[in-house]
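For ligands, and for the atoms within them, numbers begin at 1 and follow the listed sequence.
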Amino acid sequence: MNATTRTLPVKERFHLPKGVIYLDGNSLGPLPRGTTERVQQMMEQEWGDHLITGWNRDGWMEQPARVGNRVARLIGAPAGSVTMGDTLSVKVYQALSAALKLRPARRVILSDSGNFPSDLYMAQGLIRQLGQGYTLRVVAPEEVAGAMDDTVAVAMITQVDYRTGRMHDMTAITRAAHAAGAIMLWDLAHSAGAVPVDLAGSSCEFAVGCTYKYLNGGPGAPAFIYAREDVAAEMQPALAGWLGHDAPFAFEPEYRPAPGIARMRVGTPPVIQMTALEQALTVWDGVDMQDVRAASIRLSELFIKEVEANCPQLRLASPRDPAMRGSQVSFAFDDGYAAMQALIAHGVIGDFRAPDIMRFGFTPLYLDEEDVRQAARILTRILTDRLWDAPEFRTRHQVT
Ligand SMILES: *Cc1c(COP(=O)(O)O)cnc(C)c1O
């Protein structure tokens, strides 16, 4: 760690409720301090006082590119290659449709069964829209590289599995896609801010991801999209909105794409939410993703060791080798839903994914070893004393 690197963790930079150990930053990151003040200032001074002049005066129009550059640094992408907006599902649709256009003679979208359902749904919806014999081929995660052939137009793969934390080898799979002549689209939803990513080095064509998980942008924070420079220059946006036009304020009747990644903008950016994200991303200033990764592995290995030593009821559902995991650890337990509800009631927040997965995210910016030990102690007590076995913990809520 050199002198310019901030020492991990930077816990004091987050608002964390007293008495809570937060192991769910993989699903919704906590509120970074300073965000409330910055958003209030934006609303009062920029929106309130500057009104419509804020688009120029306060840089609202360039904000998607500016914030994109902050995200780019964290995912190994060059400046100017990332833009922000919409939700991840929309960005998946945009990248996928642009990718298919680049391989017009091919008809298969390849994905895997560990992908997040929304990515698969977006592919299914796009295929129905396109007709023309397009199909979605979904294989087991370990079969992805072997399933590349000359029918595959695009491989759409999420690097880190949202349920188990299993992590794909980005370099190897991208290489296999390219060897088969396919376009590579990575979903980095559980990678950005969690593990070091080298997008430029991987030479994949497209990547997308969200910013409300490890990047702490807040619920509904805008998503990001990346395209390799040569691809960005030729891709055709399916959602040809005016802010992805080369000259939005010329109000021309015909669409002409903006240069590069800016054509993946669609409509007016959500300035309030984007301001919260822009401020939230300042906690990463001076933070090296390699340091985050090393700390994340330390914390997750400690958690696995403590839980396996004290909770024989649970079975590790994540890869045992930390190099094969993202920044989360999952345990399978038949009564996992109730156990997670009990755990939350005792101040340790993780989450549950059907059918039986208890999920714990490790976010070294605001978690330390004592948090992890304490979380394991509380989990042990809940299981040993069967504190989960109560009606109030079995009632299913809408969000699990
Ligand atoms: C979280 C997540 C999503 C969510 O998409 P939104 O449109 O932002 O709700 C999509 N895909 C993956 C892989 C995810 O992990």
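At the shortest separation from atom 14 (C) of ligand 1 among protein heavy atoms lies Lys213 NZ, 2.9 Å. Protein heavy atom in closest approach to atom 4 (C) of ligand 1: Tyr212 OH, 3.2 Å. The protein heavy-atom contact nearest to atom 11 (N) of ligand 1 is Asp119 OD1, 2.6 Å. Protein heavy atom closest to atom 7 (O) of ligand 1, with residue, atom name and distance, is Ser89 OG, 2.6 Å.
For Phe362 and Phe360, the ring centers are positioned 6.0 Å apart or more. Aromatic rings from Trp388 and Tyr337 are positioned such that their centres are separated by 6.0 Å or more.
In summary, the side chains of Gln273 and Thr275 do not present any donor paired with an acceptor at a separation below 3.5 Å, with no hydrogens or angles considered. Checking Asp112 against His168 by side-chain atom types alone, a donor-acceptor pair falls below 3.5 Å.
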Show me, pair by pair, the donor-acceptor contacts under 3.5 angstrom made by side chains of residues 206-217, not counting sequence neighbours?
{"unit_1": "Thr211", "atom_1": "OG1", "unit_2": "Pro222", "atom_2": "O", "d": "2.6"}
{"unit_1": "Tyr214", "atom_1": "OH", "unit_2": "Ser327", "atom_2": "O", "d": "3.4"}
{"unit_1": "Asn216", "atom_1": "ND2", "unit_2": "Tyr214", "atom_2": "O", "d": "3.4"}

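Residue-ligand proximity, Ala189 to ligand 1, at heavy-atom distances under 4.0 Å covers atoms 12 (C), 13 (C), 14 (C), 15 (O). Atom numbering of ligand 1 starts at 1 in the shown order; those under 4.0 Å from a heavy atom of Thr158 are 13 (C). Heavy-atom contacts of His190 reach the following atoms of ligand 1: 15 (O) (cutoff under 4.0 Å). Ligand 1 places these atoms under 4.0 Å from at least one heavy atom of Asp187: 11 (N), 12 (C), 13 (C).
The main-chain N or O of Ser203 is found under 3.5 Å from a side-chain atom of Arg228 such that the two form a donor-acceptor pair.
Atom CG of Leu188 is separated from atom NE2 of His190 by 11.0 Å, given to the nearest 0.5 angstrom.
At under 3.5 Å, not a single nitrogen or oxygen of Asn115, backbone or side chain, sits near a nitrogen or oxygen of ligand 1. Between Ser118 and ligand 1, not a single N/O pair is under 3.5 Å apart. Looking at ligand 1, you won't find any N or O of Tyr162 less than 3.5 Å from one of its N or O atoms.
Ion pairing between Asp86 and Arg265 fails under the 4.0 Å rule for side-chain N and carboxylate O.
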